[in-house]
Amino acid sequence: MYKIEADLGSFRDPAGKIFYYKDKILRLLNEDGLDRFNFLKKNNLLNICISNNFLIQSIEVNKNSLDIEGFKNKIIIEHKKIDYISYPYEWCFEQLKDAALHHLNFHIFLLKNDATLIDGNAFNIQFEGFKTIFIDLLSIKKYQEGEYWKAHKQFCENFLNPLILKSKKGIDFNNWFRGNLEGISTKDLNSILSFKDKLSFNIFTQVFLLNFLEQRAIKNNKINLDQINQKKFPKKSFLSMLNNIKKFIVSLETKKNKTLWDDYSKYNTYKLKEEDLKKKIVKEFANKYKFQILADLGCNDGVYSKICLENGCKYVVGFDYDLNAVNNAYKLSKKEKLNFLPLYFDAANPSANLGWAQVERKGYLERINFSGMLSLAFEHHLAIAKNIPLDQTVKWLINTAPQGLIEYVPKNDETIKKMLTLKGDIFKDYNEENFKSLILRNANIVSEKVISDSGRKIFEYKKIN
């Protein structure tokens with residue numbers, strides 16, 4: 001008997017709910033959802049959206065094929081399963097920019113087909129490697145002539161405002177967005193932007209003017225809905241507005257500041273022969289197991305992720321704390337069309353369960369589904385830089401995946417010497433003998449190989465069942 005599990009994060013949608021059954025993603029439609037779905041089926045719009053790579057693959061399930069109590073005689077949609085769900089606060093600037101453009105391009109396409117989007121939620125976009133895809137089928141409805149863009153405010157807070165914040169002020173949006181799942185408010189952004197910033201037509205209209213109108217409505221404490229509903233917004237003006245915002249977003253570039261790990265793959269402490277040996281070990285590891293989905297902790301710009309993909313691994317999710325590195329990795333993924341999804345990640349403070357009742361957005365640990373793992377030159381950033389006890393560091397790493405590579409960096413390595421110069425050597429248990437014993441508490445050691453003159457070692461482990 002298979003269990004059916006409700007997606008607790010789909011409760012906000014009154015038109016349909018998400019369920020998991022036999023590793024399938026199912027959506028149970030109610031009356032409103034059925035109306036929208038039937039509209040999409042009309043004139044083959046559903047299949048056109050899917051074939052144009054705007055909308056995730058979605059098919060109607062045969063009612064008789066699912067023996068689930070409460071599902072009989074209901075309309076059920078099955079969606080293609082995303083390998084790894086990510087959230088806007090885990091994306092770099094270029095990823096959020098591409099997600100915004102996907103949303104706008106899709107909306108423009110829908111308007112031309114007498115349909116529209118009812119929300120502007122960035123969480124409705126997901127990544128399959130470098131590719132963006134819209135996942136919320138029920139956010140699409142029939143367009144009513146003269147209607148306004150009701151999701152304008154939400155689109156600005158979820159997409160436009162974070163992009164402007166990074167582009168114009170060099171402020172990363174990620175932790176701000178994670179602290180407020182509604183995005184970045186126009187009021188907050190307006191207070192940060194300078195007079196010069198607001199001379200831009202798009203910033204003046206989409207930030208300054210929008211904030212002015214919002215604050216005036218709050219001050220007057222009333223909104224005349226009848227007056228608003230009487231006014232008509234021609235489709236031509238709607239399309240012009242979307243295209244204008246699209247053009248503006250295309251023009252936005254990240255205000256890049258130099259970071260510590262920006263060019264690590266070019267300028268690191270490895271000698272050429274040492275780096276070649278490390279790449280050889282990773283290549284052999286990937287080729288031996290050909291993992292379905294692999295985690296690359298501290299992926300930097302994706303060099304080792306790419307090696308794994310070139311040697312039999314199907315999908316790699318990379319994690320890094322440095323947003324410039326994540327941006328570079330994403331550009332690599334796009335340029336070379338890799339099944340590689342790099343994400344912003346602070347291992348000492350990873351994404352937690354957030355939202356209503358802390359179930360709406362799943363934390364990092366709740367989303368772990370990796371069959372393999374790389375942790376190269378990473379553990380010392382937790383054990384030394386972040387003061388995470390070594391036993392907890394090793395256990396946490398091994399719990400990421402049943403098999404993996406962990407690189408140990410000894411105290412006499414130049415990288416750790418610099419760290420200890422600033423902090424002092426307060427890490428008495430940080431040594432290879434203890435590190436090895438801690439691995440053996442949680443896993444078997446398949447192999448260990450020295451990769452540098454300083455004594456760096458790569459341990460291959462296999463978790464004990």
Side-chain angles (χ1 to χ4, degrees), residues 9-16 32 36 40 49 54-56 85-91 93 95-127 132-144 147-167 173-174 176-178 180-190 202-203 205-207 209-211 213-214 217 223 228 233 235 237-250 252 355-356 360-361:
S10 70
F11 68 92
R12 288 185 189 267
D13 189 351
D32 287 341
R36 291 177 198 168
L40 280 171
C49 290
F54 286 123
L55 183 65
I56 196 161
I85 295 292
S86 62
Y87 301 129
Y89 44 82
E90 297 169 332
W91 302 341
F93 177 87
Q95 285 170 313
L96 185 63
K97 181 176 176 178
D98 282 352
L101 293 175
H102 185 101
H103 184 102
L104 289 169
N105 285 329
F106 188 30
H107 203 168
I108 290 166
F109 172 84
L110 288 171
L111 278 173
K112 291 178 179 178
N113 286 275
D114 293 324
T116 188
L117 292 173
I118 63 172
D119 61 41
N121 195 336
F123 293 91
N124 286 340
I125 303 285
Q126 281 298 318
F127 281 86
T132 50
I133 196 73
F134 193 89
I135 64 168
D136 190 5
L137 176 83
L138 299 184
S139 285
I140 308 165
K141 77 169 189 71
K142 182 176 176 59
Y143 169 74
Q144 301 296 324
E147 70 174 289
Y148 283 81
W149 185 12
K150 294 176 182 176
H152 179 213
K153 181 177 183 288
Q154 188 180 37
F155 178 87
C156 289
E157 291 179 343
N158 276 232
F159 291 108
L160 187 61
N161 293 354
L163 291 171
I164 292 173
L165 183 70
K166 177 62 175 175
S167 180
F173 55 79
N174 304 77
W176 193 333
F177 207 145
R178 187 166 79 159
N180 176 20
L181 297 181
E182 302 298 327
I184 295 175
S185 74
T186 302
K187 178 178 177 291
D188 287 342
L189 181 62
N190 183 66
N202 282 284
I203 291 179
T205 55
Q206 303 299 328
V207 180
L209 191 57
L210 190 59
N211 176 65
L213 295 172
E214 284 181 6
I223 299 174
I228 290 172
F233 189 52
K235 186 192 285 190
S237 299
F238 200 156
L239 285 167
S240 177
M241 183 181 185
L242 293 177
N243 277 301
N244 189 57
I245 294 176
K246 174 186 168 183
K247 185 178 178 182
F248 176 60
I249 288 176
V250 168
L252 292 175
W356 172 250
E360 203 171 351
R361 306 300 172 197

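Numbers here are sequence positions counted from 1.
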Original post:
Can you tell me if CD on Glu182 sees more than 12 non-hydrogen neighbours from other groups inside 6.0 Å?
Top reply: no

Original post:
What are the two closest heavy atoms between Leu96 and Pro162, and how far apart are they?
Top reply: CD2-CB, 3.6 Å

**OP:** Measure from the side-chain N and O atoms of Asn113 to the backbone N and O of Ala115, and report whether any donor-acceptor pair falls under 3.5 Å.
**Re:** no

Original post:
Does any non-hydrogen side-chain atom of Asn121 lie less than 4.5 Å from one of Asp136?
Top reply: no

Subject >> Interatomic distance, Leu111 atom CG to Thr116 atom OG1 [nearest 0.5 angstrom] >> reply: 5.0 Å

**OP:** Could you check if a side-chain atom of Phe134 sits within less than 4.5 angstrom of a side-chain atom of Ile56, using non-hydrogen atoms only?
**Re:** no

Original post:
Would Phe238 and His107 count as a close aromatic pair, with their ring centres under 6.0 Å?
Top reply: yes

Subject >> Validation row: Trp91, Ile125 side chains within 4.5 angstrom (heavy atoms) >> reply: yes

Subject >> Closest heavy-atom pair and its distance - Asn174, Tyr89 >> reply: ND2-O, 3.1 Å

**OP:** Provide the closest heavy-atom pair for Ser167 versus Leu252 in the form atom of the first, atom of the second, distance.
**Re:** OG-CD2, 3.6 Å

**OP:** Apply the test side-chain contact (heavy atoms from CB on, under 4.5 Å) to residues Phe248 and Ile164: give CA-CA distance (whole Å), side-chain angles for both, the deciding distance (0.1 Å), then the verdict.
**Re:** CA-CA 10 Å; Phe248 176 60; Ile164 292 173; 3.9 Å; yes

**OP:** Would you give the length of the straight line joining atom CZ of Phe233 to atom CH2 of Trp149, rounded to the nearest 0.5 angstrom?
**Re:** 9.5 Å

**OP:** Using atom types as modelled and distance alone, determine if a side-chain donor or acceptor of Lys246 lies under 3.5 Å from a backbone N or O of Leu101.
**Re:** no

Original post:
Would you say Cys49 and Leu137 make side-chain contact, with heavy atoms under 4.5 Å?
Top reply: no

Subject >> Straight-line distance of Asn105 CG to Asn243 CG, nearest 0.5 Å >> reply: 8.5 Å

Subject >> Side-chain heavy-atom pair Phe123, Leu181 within 4.5 angstrom cut-off >> reply: yes

**OP:** Ignoring hydrogens and angles, state whether a donor on the side chain of Ser139 or Asp119 is under 3.5 Å from an acceptor on the partner side chain.
**Re:** yes

Original post:
Can you tell me if Asp188 uses its side chain to pair, donor with acceptor, with the backbone of Ile184 under 3.5 Å?
Top reply: no

Original post:
Measuring from Asp13:CG to Leu138:CG, what's the distance to the nearest 0.5 Å?
Top reply: 5.0 Å

Subject >> Ile249 versus Ala100, closest heavy-atom pair with distance >> reply: CD1-CB, 4.0 Å

Original post:
Are Glu90 and Arg361 close enough, and set up right, to give a salt bridge (Lys or Arg N to Asp or Glu O under 4.0 Å), and what steps lead you there?
Top reply: CA-CA 12 Å; Glu90 297 169 332; Arg361 306 300 172 197; over 6 Å; no

Original post:
When rounded to the nearest 0.5 angstrom, what is the spacing between NZ in Lys141 and CG in Asp114?
Top reply: 11.0 Å

Original post:
So, for Cys156 and Gln206, which heavy atoms are closest and what is the spacing to 0.1 Å?
Top reply: SG-OE1, 4.0 Å

Original post:
Are His103 and Asn158 close enough that some pair of their side-chain heavy atoms sits under 4.5 Å apart?
Top reply: no

